[in-house]
Amino acid sequence: TEVGRAIAQSLARTLTPSTLELSGRDTVFVLDDADVELAAERIWNLVEMNCGQTCMAPRRVLADASIFDHLTEALRAATPESSRAMIDEQASRHVSVLASEAEQSGAELIPPLDGDDAQRVAARIVISADPDAEVVAGDHFGPLCAVVRCATEDEMLRIHRDCTQHLATSVFTASRSRFESLAGRVASSTVVHNDVVLPTASTATARSTSRPRCSPRHEAGSSRSRGVWPVRQWSITMSSCRPHPPRLHAAPRDLGVHRV
């Protein structure tokens, strides 16, 4: 991204190594055989988490047309009622403007656009968003997620690939083989079956003892940020020693031997 390149250029002047994990703009695929209630619950969990301000929060849900209405009702039934504070007023205003523009274009907002203030906003889903809308592109950092009706998996992949920041992609389907087929085509760092990724701050959450499998793709960042390997890369090897305690020199003992 533009921000990542600016940081990397600044670090390059002093040959400073870096790991840049610059957030994803991720996708949830809901196929025609998915458990729709489960998908709705998981989507809301991650959209609402930390007020949508996480690197792996979904920005778009691509739903098969045959289950689209069912998913809409499930999302409506699971709508959280609380609002949460965002990092600053500018971020809050950006999310509210995107939601308002989507509504003016004919999309439905769940919940409606009211009750937000200068910094606190509600987690919100945009139903029937235009695939070319800015809210679907997902270049925002907040609790706003667009749901797009798709006729085929190829259409889903086209919309998904229009964004190049993929950290965590979710696929909801009853078929393991369909999941594996789609997972191989999404070019994402992490692909999850019938669930979402709740990010943590601990680098120890990856079990790999060498280079962890999770690493950013395309414009999502550079290098790796989980497991033992990055911890070693970020650490400076240091040595310390403990001084020996002072030795006490006693006066020589008189052994009764005298030089003549």
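Positions are given from 1, in the same order as the sequence printed here.
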Chemist: Could you tell me which non-hydrogen atom of R124 sits nearest to which non-hydrogen atom of A99, and how far apart they are?
Modeler: CD-CB, 4.2 Å
Chemist: Can you see which heavy atom on L167 is nearest to which on G24, and at what distance?
Modeler: CD1-N, 3.4 Å
Chemist: Check whether any side-chain N or O of R120 sits under 3.5 Å from a backbone N or O of M86 as a donor-acceptor pair, and report yes or no.
Modeler: no
Chemist: Look up atom OG in S188 and atom CG in D26, then write down how far apart they are to the nearest 0.5 Å.
Modeler: 5.5 Å
Chemist: What heavy-atom pair brings A129 and V148 nearest, and what distance separates the two atoms?
Modeler: O-CG2, 3.9 Å
Chemist: Say you draw a straight line from OG1 of T54 to CD of E48; how long is it, rounded to the nearest 0.5 Å?
Modeler: 12.0 Å
Chemist: Taking the side chain from R59 and the backbone from R25, do they hold a donor-acceptor pair closer than 3.5 Å?
Modeler: no
Chemist: Is the closest side-chain donor-acceptor distance between T152 and D154 under 3.5 Å?
Modeler: no
Chemist: Looking at D32 and R178, is there a salt bridge between them, counting it only when a charged N and a carboxylate O are closer than 4.0 Å?
Modeler: yes
Chemist: Looking at every non-hydrogen atom in both residues, tell me the closest pair between V30 and I67 and how far apart they are.
Modeler: CG1-CD1, 3.6 Å
Chemist: Measure across A123 and P80 and return the closest heavy-atom pair with its distance rounded to 0.1 Å.
Modeler: CB-CG, 4.4 Å
Chemist: In terms of hydrophobic clustering (I, L, V, M, F, W, Y; side-chain heavy atoms under 4.5 Å; direct or indirect links), are F179 and V186 co-clustered?
Modeler: yes
Chemist: Using atom types as modelled and distance alone, determine if a side-chain donor or acceptor of R149 lies under 3.5 Å from a backbone N or O of F68.
Modeler: no
Chemist: By side chain to side chain contact (heavy atoms under 4.5 Å, CB included), which residues pair with R76, not counting sequence neighbours?
Modeler: T72, E73, E108, I110
Chemist: Taking the side chain as every heavy atom from C-beta outward, state whether S170 and D195 have any pair of such atoms under 4.5 Å apart.
Modeler: no
Chemist: Do S105 and E101 have side-chain atoms, one donor and one acceptor, less than 3.5 Å apart?
Modeler: no
Chemist: For the residue pair S177 and S175, confirm or rule out a side-chain donor-acceptor distance under 3.5 Å.
Modeler: yes
Chemist: Apply side chain to side chain contact (heavy atoms under 4.5 Å, CB included) to A74 and list each qualifying residue two or more places apart in sequence or on a separate chain.
Modeler: V36, A40
Chemist: Is it possible for you to say whether I125 and L38 belong to one hydrophobic cluster, with membership spreading through side-chain heavy-atom contacts below 4.5 Å?
Modeler: yes
Chemist: Describe, in one word, how the ring planes of H160 and H166 are oriented to each other, choosing from parallel (under 30°), tilted (30 to 60°) and perpendicular (over 60°).
Modeler: parallel
Chemist: If only atom types and distance count, is the side chain of T79 paired as donor or acceptor with the main-chain N or O of L75 below 3.5 Å?
Modeler: yes
Chemist: Same cluster or not: are F141 and M49 linked, directly or through other Ile, Leu, Val, Met, Phe, Trp or Tyr residues, by side-chain heavy atoms under 4.5 angstrom apart?
Modeler: no
Chemist: When you measure from the side chain of N50 to the backbone of G52, do you find a donor-acceptor pair of N or O atoms at a distance under 3.5 Å?
Modeler: no
Chemist: Would you call D162 and R158 a salt bridge, taking side-chain N to carboxylate O under 4.0 Å as the test?
Modeler: yes
Chemist: Test of understanding: clusters of I, L, V, M, F, W, Y form through side-chain heavy atoms closer than 4.5 Å, transitively. Do L98 and L113 belong to the same one?
Modeler: yes
Chemist: Decide yes or no for V171 and N194: does some side-chain heavy atom of the first lie under 4.5 Å from some side-chain heavy atom of the second?
Modeler: no
Chemist: State, without any angle test, whether E37 and H70 hold a side-chain donor-acceptor pair at a distance under 3.5 Å.
Modeler: yes
